[in-house]
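In what follows, a single structure is set out as structure tokens and then discussed.
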2 protein chains.
Amino acid sequence: MQSGTGRATACSIARALAVVGERWTLSIVREVFAGAHRFDDFRKRLGIARNILSARLRTLVEHGVLERRAYQQAPPRFEYHLTPMGNDLYPVLVSLMGWGDRWLAGEAGVPLTLTHRPCGHAAQPELTCGHCGDALRHEDVRARLRLGAGSPMKNPDRARHGRGLRSDS
Amino acid sequence: MQSGTGRATACSIARALAVVGERWTLSIVREVFAGAHRFDDFRKRLGIARNILSARLRTLVEHGVLERRAYQQAPPRFEYHLTPMGNDLYPVLVSLMGWGDRWLAGEAGVPLTLTHRPCGHAAQPELTCGHCGDALRHEDVRARLRLGAGSPMKNPDRARHGRGLRSDS
DNA sequence: AGTATCGGTTTCGAAATGAAACTAATGGAT
DNA sequence: ATCCATTAGTTTCATTTCGAAACCGATACT
């Protein structure tokens, strides 16, 4: 079973999407964060078809995002848990949730509120620069290709000047 | 053309994925951030089929993520630009890129380096609590359903205790 | 007149998805 | 002992989506 296009890409976003970009994948991971661990948990919460769920769980395990763990022997039954790799998807999910909150919230408002326990306040999740701590905005960021990074590009157009996610030569 | 399952969901992540969760959608948005604006830009950079690209651009415009803007009259030609809603996807893309960098980088290493111009340093993008500024980690966050938020749930199982993305009652 | 560019649409075979039925191992109730 | 329920799938088959290639329409270039 292959994910995405199967092509090697120089872009980490494309590579990430090859692993978690399929129809149900991020929703499944979301449910694991939310406490779902068993086949039927996912099925009931998401309304996903059994065969598709089965396939997605398998690829998530293959890719190392989830771990399949037996919780009883007779009959053999399994739970799915986040690996460190899977746990590290938290910022992606939170960012996505924030975006959905800001732009797609229904009349009833934001369904989920996050409380940051160490400081005790409602967390407005924010993407910041790890160095100065300020918010990381597209306009303030210059992206450049690492020299000799990735596979040789098919489209030389790709290496151009700019900012944000655009790659400077 | 419908996106996702079409079901109303209480989860902002699911709603976000209904808009940007299809196979090519985030890759297209990524390319807009990277400086691609025209049909053939996307096609050449992504290697996506014309009909699919056409459909994705249409739904992105319909959902308000991209704006279709004529750049000449004869013959009529169009460019696609980020709306504020689209621009606000930046943290999602950066988070995804970070994850891809950390877990899927090839031998050649991380292809793209981000420089935060205000502080002049390489940005390690980080998700933080907007209140205290500390890193926002799953273990430190308690999620709770807003009272009366969202549509009535089909699965009462969904309202349970826990932390992270799990919804406390 | 012929070719190239740009932004698509149409057509059609291939692949992915989804609903439903079925399997397999076990426990509990009658 | 038989029947039903639970859990975690697999199999089958119809529907939907995707993708490659051909085509279209307006314009410019040679």
Side-chain angles (χ1 to χ4, degrees), chain A residues 1-7 9 14 17-28 31-32 35-62 66-81 154-155 157, chain B residues 1-7 9 14 17-28 31-32 35-62 66-81 154-155 157:
Chain A
M1 178 158 307
Q2 67 177 15
S3 314
T5 62
R7 286 183 305 146
T9 83
L17 288 173
V19 174
V20 296
E22 283 165 306
R23 179 88 151 249
W24 290 102
T25 316
L26 278 180
S27 288
I28 291 171
E31 293 302 332
V32 184
H37 297 288
R38 300 182 183 180
F39 195 88
D40 260 28
D41 290 340
F42 300 119
R43 220 183 52 71
K44 287 183 190 136
R45 297 186 189 203
L46 295 173
I48 180 176
R50 292 167 172 283
N51 49 353
I52 306 302
L53 173 58
S54 180
R56 287 298 153 270
L57 288 172
R58 182 158 39 244
T59 65
L60 280 168
V61 169
E62 280 170 6
L66 297 182
E67 176 199 356
R68 189 169 183 258
R69 181 189 300 174
Y71 69 90
Q72 71 173 36
Q73 261 59 37
R77 288 292 138 83
F78 303 91
E79 284 180 338
Y80 297 87
H81 289 268
K154 283 170 187 163
N155 301 296
D157 288 336
Chain B
M1 177 159 305
Q2 69 178 15
S3 311
T5 62
R7 285 185 306 146
T9 82
L17 289 173
V19 174
V20 297
E22 284 166 305
R23 180 88 153 251
W24 289 103
T25 315
L26 278 180
S27 286
I28 291 171
E31 292 301 332
V32 183
H37 297 288
R38 301 183 182 179
F39 194 88
D40 260 29
D41 290 340
F42 299 119
R43 219 183 53 72
K44 286 183 190 141
R45 297 186 189 204
L46 296 172
I48 180 177
R50 292 167 172 281
N51 49 352
I52 306 301
L53 174 58
S54 179
R56 286 300 153 267
L57 288 172
R58 183 160 36 245
T59 65
L60 280 169
V61 169
E62 280 169 9
L66 297 183
E67 176 199 355
R68 190 170 183 256
R69 180 188 300 174
Y71 69 89
Q72 71 173 37
Q73 261 58 38
R77 289 292 138 83
F78 303 92
E79 284 181 339
Y80 298 86
H81 288 268
K154 283 169 187 163
N155 301 298
D157 287 336

*Under 4.0 Å: is that the gap between some side-chain N or O of A:Arg56 and OP1 or OP2 of D:dG9?*
no
*Considering only C:dG8, D:dT7, C:dC6, which nucleotide approaches the side chain of A:Asp40 most closely?*
D:dT7
_CG-CG distance between A:Leu26 and A:Leu60, expressed to the nearest 0.5 angstrom_ = 9.0 Å
Under 3.5 Å, which N/O atoms of the protein pair with N/O atoms of nucleotides 22-30 of chain D?
residue: D:dG25; atom: N2; partner: B:Arg77; partner atom: NH2; Å: 3.0

*In Å, rounded to the nearest 0.5 Å, how long is the span from CD1 of B:Ile28 to CZ of B:Arg45?*
12.5 Å
*Enclosure of A:Gln72 CD (heavy-atom neighbours >12, cutoff 6.0 Å)*: yes
_Rounded at 0.5 Å granularity, tell me how far NZ in A:Lys44 sits from CZ in A:Arg38._
10.5 Å
*If you round to the nearest 0.5 Å, how far is CD1 of A:Ile52 from CG of A:Leu57?*
11.5 Å
*Between B:Ile48 (CD1) and C:dG7 (P), how many Å, whole number?*
15 Å
_Under 6.0 Å from the ring centre and within 45 degrees of the ring axis: does the NZ or CZ of B:Arg56 meet both conditions for the six-membered ring of B:Phe42?_
no
*Reckon B:Arg58 has a side-chain N or O less than 4.0 Å from the OP1 or OP2 of C:dT9?*
yes
*What integer distance in Å separates B:Arg23:CZ from C:dA16:C1'?*
9 Å
*Measure the CZ-OH distance between A:Arg68 and A:Tyr80 for me, rounded to the nearest 0.5 Å.*
4.5 Å
Quick test: give all pairs of protein nitrogen or oxygen and nucleotides 12-14 of chain C nitrogen or oxygen below 3.5 Å, distance rounded to 0.1 Å.
none

*Verify the contact: side-chain N or O of B:Ser54 to OP1 or OP2 of C:dT9, cut-off strictly under 4.0 Å; return yes or no.*
yes
*So what does A:Arg38 hit on the nucleic acid, given a heavy-atom distance under 4.0 Å: a base, only sugar-phosphate, or nothing?*
sugar-phosphate
*If you look at every heavy atom in A:Val32 and A:Leu66, which pair is closest and at what distance?*
CG2-CD2, 4.1 Å
*Grab the two heavy atoms, one from B:Val19 and one from B:Thr25, that are nearest each other, plus how far apart they are.*
O-CG2, 3.8 Å
_For a 4.5 angstrom cut-off between non-hydrogen side-chain atoms, does A:Arg58 reach A:Ser54?_
yes
*When the distance from OH of B:Tyr80 to P of C:dC6 is rounded to whole Å, what number comes out?*
15 Å
*With respect to the side chain of A:Phe39, which nucleotide from C:dG18, D:dG9, C:dG8 is positioned closest?*
D:dG9
*asked:* Does D:dG9 have its OP1 or OP2 closer than 4.0 Å to a side-chain nitrogen or oxygen of A:Arg68?
replied: yes
*Under 4.0 Å: is that the gap between some side-chain N or O of B:Tyr71 and OP1 or OP2 of C:dG7?*
yes
*Over how many whole Å does the gap from B:Lys44 atom NZ to C:dG8 atom P extend?*
14 Å
*asked:* Distance check needed: C:dG8 P versus B:Ile28 CD1, whole Å only.
replied: 12 Å
*asked:* Students often get this wrong, so: under 4.0 angstrom with heavy atoms, is B:Phe42 touching a base, only sugar-phosphate, or nothing?
replied: nothing
*Within this structure, what is the NE2-to-C1' distance between B:His37 and C:dG7, rounded to whole angstrom?*
17 Å
*A:Phe78 CZ - D:dT6 C1' separation (whole Å)*: 16 Å
*Between D:dT17 atom C1' and B:Trp24 atom CH2, what is the distance in whole Å?*
14 Å
